[in-house]
> 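There's a structure below that I have some questions on.
Chain letters run A, B, ... following the sequence lines, proteins first and then strands; every chain starts at 1.
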Number of protein chains: 2
Amino acid sequence: MNGKVVVNRCMSLDGFIAGPGHSMDWGGDRALADFVAPVDFAKIAAATGAMLVGRRTWEVGDRMEAEDPGSIDYPFSGPMFLLTHRPLEPPNPGVRILSGDIGEAVATALDSAGGKNLEILGADVAGQCLRRGLVDEILVYVLPVLLGDGIPFSSPDVARTELEPLSSTPSGDATILRFRVRKQSDQLVG
Amino acid sequence: MNGKVVVNRCMSLDGFIAGPGHSMDWGGDRALADFVAPVDFAKIAAATGAMLVGRRTWEVGDRMEAEDPGSIDYPFSGPMFLLTHRPLEPPNPGVRILSGDIGEAVATALDSAGGKNLEILGADVAGQCLRRGLVDEILVYVLPVLLGDGIPFSSPDVARTELEPLSSTPSGDATILRFRVRKQSDQLVG
């Protein structure tokens, strides 16, 4: 029994997943974990069995850790997969590199999630998964700020995708929205 | 006693307030009123004493009414103000044209709201009001769709704006998010 494939993303109310230049400055030196209620963050991490991360998101995470150690405070310690064609320098034994077809990468990562969810992190890898119909749910942390400019949630090559709202949860200063992705067959019926 | 100045906006989960070419196709020929629970729509309209609308939003509304009469089904009948420098052709006796300073326009419209809220409709007029610190709250109807492309919620000239979440309400197939705009003085304190 597999878990779900969940695209996991934080964004400003005006739809930016990062500021200009991939800045993760959400206001007052606060990282995502400072906005979300710890109990909700822990619950989402506990439902996660593996993570599949895009290269840019990985590098943003590295940069945030270097600038402010401990700022990525996500209580998850399961298998971590990085989708990239370039080897990490220096190599990191804590992550498995995948570089093949996105469908195979998702299948591999989901297999290792032990029946829990696979979390997809990164705009590009999320877009690839959405285009291939591989995503079951989208979980968005809406942060209480308008940025005006930055990296948009979607790139133009993400096709129109119909969703079904599952839940909306105030959590600390954030709001957690969860949607089910309607598959092609739903749309023919619906 | 004045009501609040509320920017009122619907958007896709990926932060677009309209599709490419200002299309208002949110899926399956459904207009905003088809997503939101009628009781919530009625409650928001009942709290509204006047509306201040930008020119493009006015024209999109005209086009929608022409293409599909009755599609804008907002139960509001109070004073309506249009911010524009070009007279309407033909003139419309149901709307008062304002063309001066945005601060004066908001004051005039708010005065006529009889102590209820002034609703601000339109990306450009909302951006002008945000830049001038005239907005008390932002109300967003999040619609269950990713568009991938379209008209973004913010234009780059909207400065970074800190918000405070007030409520998050599932409503029909939409989610209604309400935020208070933190004014400059809040930010100095906070």
> Go through the atoms of B/Ser168 and report whether side chain, backbone, both or neither lie under 4.5 Å from a heavy atom of chain A.
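Both parts, backbone and side chain.
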
> If you compare all heavy atoms of A/Cys10 against all heavy atoms of A/Leu32, which two are closest, and at what distance to 0.1 Å?
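Heavy atoms of A/Cys10 and A/Leu32 come nearest at CB-CD1, 3.8 Å.
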
> Select, from B/Leu147, B/Leu143, B/Leu146, the one with the greatest count of heavy-atom pairs under 4.5 Å involving chain A.
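Going by pairs under 4.5 Å, I would pick B/Leu146.
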
> Per the side-chain contact (heavy atoms from CB on, under 4.5 Å) rule, which among B/Leu83, B/Val95, B/Leu121 passes with B/Trp58?
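With B/Trp58 as partner, side-chain contact (heavy atoms from CB on, under 4.5 Å) holds for just one option, B/Val95.
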
> Between chain B and each of A/Asp149, A/Val145, A/Thr175, count heavy-atom pairs under 4.5 Å; write down the option with the most.
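Among the listed options, the one with the most contacts to chain B is A/Val145.
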
> Could you report the tightest heavy-atom contact between A/Arg131 and A/Val158, atom names first, then the distance?
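Heavy atoms only, the tightest pair is NH1-N, 4.3 Å.
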
> Tell me, out of B/Gly19, B/Gly27, B/Gly15, B/Pro144, who's got the most heavy-atom pairs with chain A below 4.5 Å.
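Heavy-atom pair counts peak at B/Pro144.
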
> Assess whether a salt bridge exists between A/Arg55 and A/Glu59, defined as any Lys/Arg side-chain N lying under 4.0 Å from an Asp/Glu carboxylate O.
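Salt bridge between A/Arg55 and A/Glu59, a charged N being under 4.0 Å from a carboxylate O: yes.
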
> Roughly how far apart are A/Met11 CE and A/Ile17 CD1, rounded to 0.5 Å?
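If we round to the nearest 0.5 Å, A/Met11:CE and A/Ile17:CD1 are 10.5 Å apart.
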
> Measuring heavy-atom distances to chain A, does B/Leu13 have an atom under 4.5 Å in its side chain, in its backbone, in both, or in neither?
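Contact with chain A: backbone and side chain both.
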
